[in-house]
Amino acid sequence: MMKTKLLQNTNEDLKIAAELLQNGELVAFPTETVYGLGADARQEDSVRSIFAAKGRPADNPLIVHISDMGMLDGIVTEVPEIAERLAKAFWPGPLTMVLPKCDAIPEVTSGGLDTVGVRMPSHPAALSLIRMSGCPIAAPSANRSGSPSPTTAKHVMDDMDGRIAAVIDGGLCDVGVESTVICFDDDETIHILRPGLISAEDLEPFAAHVYVDEAVYTQIAADAKVASPGMKYRHYAPHAKIIPVDAPDHAAFAAFVQSQKQEGIFCLLFDSDPEIAGIPCMRYGDSGREQAHFLFLRFRELDEAGAQTVYVRMPKKSGTDLSVYNRLMRAAGFEVITL
Ligand code: AMP
Ligand code: MG
């Protein structure tokens, strides 16, 4: 076990973090989506230690974070025009593009694939850290594999204390769910591998076709060949059992939950829902934007409150809401109660 340093978002501390990265150590840092667990994407041993610290399957590729377009040169062999247009519109921001990788990026980083996911985060601490270190930073979410992604430095410490060199505390993440991941089937087709804040609707003006991978909506077998390996794994789950309930309205949801009353029961409601008598409730917002911001935070709070079974009001499947739907369904192993 090593001592994990808790660093602040100051120039002095970012410099310490940048040196740790250059020396091959692991540093967790805030981004606008969730906290990332970073290593120099070009150092094989460092990247391997990310997988060890997280307990992450080796075939689940990492996203490489950059601070300016010039860094793409050492990471990908080609930037198609459509990618350039998307970068102009959405970077820095929560969009990851899968492109053909250079030899400088080892296969550990890309999970054995000949492509690599790249993104330019907008959080100032993340951008400074990449600039100061001069490293393209490979970073998955900074949680133990399978747990909810961390949206505060405390969440990172809860999962990673003693396993990594340092965490930079940048407060609560703004977006709250991971980036939108896309690849290009051809020059005019955007294929959404993982939904995020940037929705299919946001991407439509940039391509003739935009479609969402079926792994976003359904459970994929562990031995299946999929475009985005990360989508196979059960993910994002708290210890409590998460049960999404597709109810026509709050009254139907409340009546169902009342009939299921048991030890350790909790509800996760929309902000506009009234209380349910005798059942402890938490809330996670009304809009997709709010729900994305609060979902993982509430998952961790539910565990802290001793929840054992959590009935959750179903988010919508359109726009940013699809990212919330996807994370919730993955946490629930794709089992839903439909009323
Ligand atoms: P995480 O690091 O936990 O945010 O997960 C990264 C996500 O991006 C996973 O779902 C990966 O499958 C996906 N991803 C990263 N790189 C690639 C790639 N080269 N091809 C397809 N999907 C990728
Ligand atoms: Mg993750």
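Numbering of ligands and ligand atoms starts at 1, following listing order.
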> Taking atom CD of Q262 as the centre, does the number of heavy atoms from other residues, nucleotides or ligands within less than 6.0 Å exceed 12?
Replying inline: yes
> Backbone, side chain, both or neither: what part of V98 comes under 4.0 angstrom of ligand 1, heavy atoms only?
Replying inline: side chain
>> Residue-level breakdown please: for T96 versus ligand 1, do any non-hydrogen atoms fall below 4.0 Å on the side chain, on the backbone, on both, or on neither?
In response: neither
> Would S141 count as a contact of ligand 1 if the rule is a heavy atom under 4.0 Å away?
Replying inline: yes
Judging by distance only, is a nitrogen or oxygen of [X] under 3.5 angstrom from one on ligand 1?
{"X": "T115", "result": "yes"}
{"X": "R56", "result": "yes"}
{"X": "R194", "result": "yes"}

> Once the angle between the rings of Y217 and Y325 is folded into 0 to 90°, is it parallel (under 30°), tilted (30 to 60°) or perpendicular (over 60°)?
Replying inline: tilted
>> Side-chain heavy atoms nearer than 4.5 Å, only ILVMFWY residues, links allowed to pass through others: does that put I137 and V47 together?
In response: no
> Strictly under 2.8 Å, is any N, O or S atom of S141 next to the Mg ion (ligand 2)?
Replying inline: yes
>> Under a 4.0 angstrom heavy-atom cut-off, which atoms of ligand 1 come close to V116?
In response: 19 (N)
> In ligand 1, which numbered atoms sit nearer than 4.0 Å to a non-hydrogen atom of V181?
Replying inline: 8 (O)
>> Counting only heavy atoms, tell me which of G196, S145, P61, P100 gets closest to atom 17 (C) of ligand 1.
In response: P61
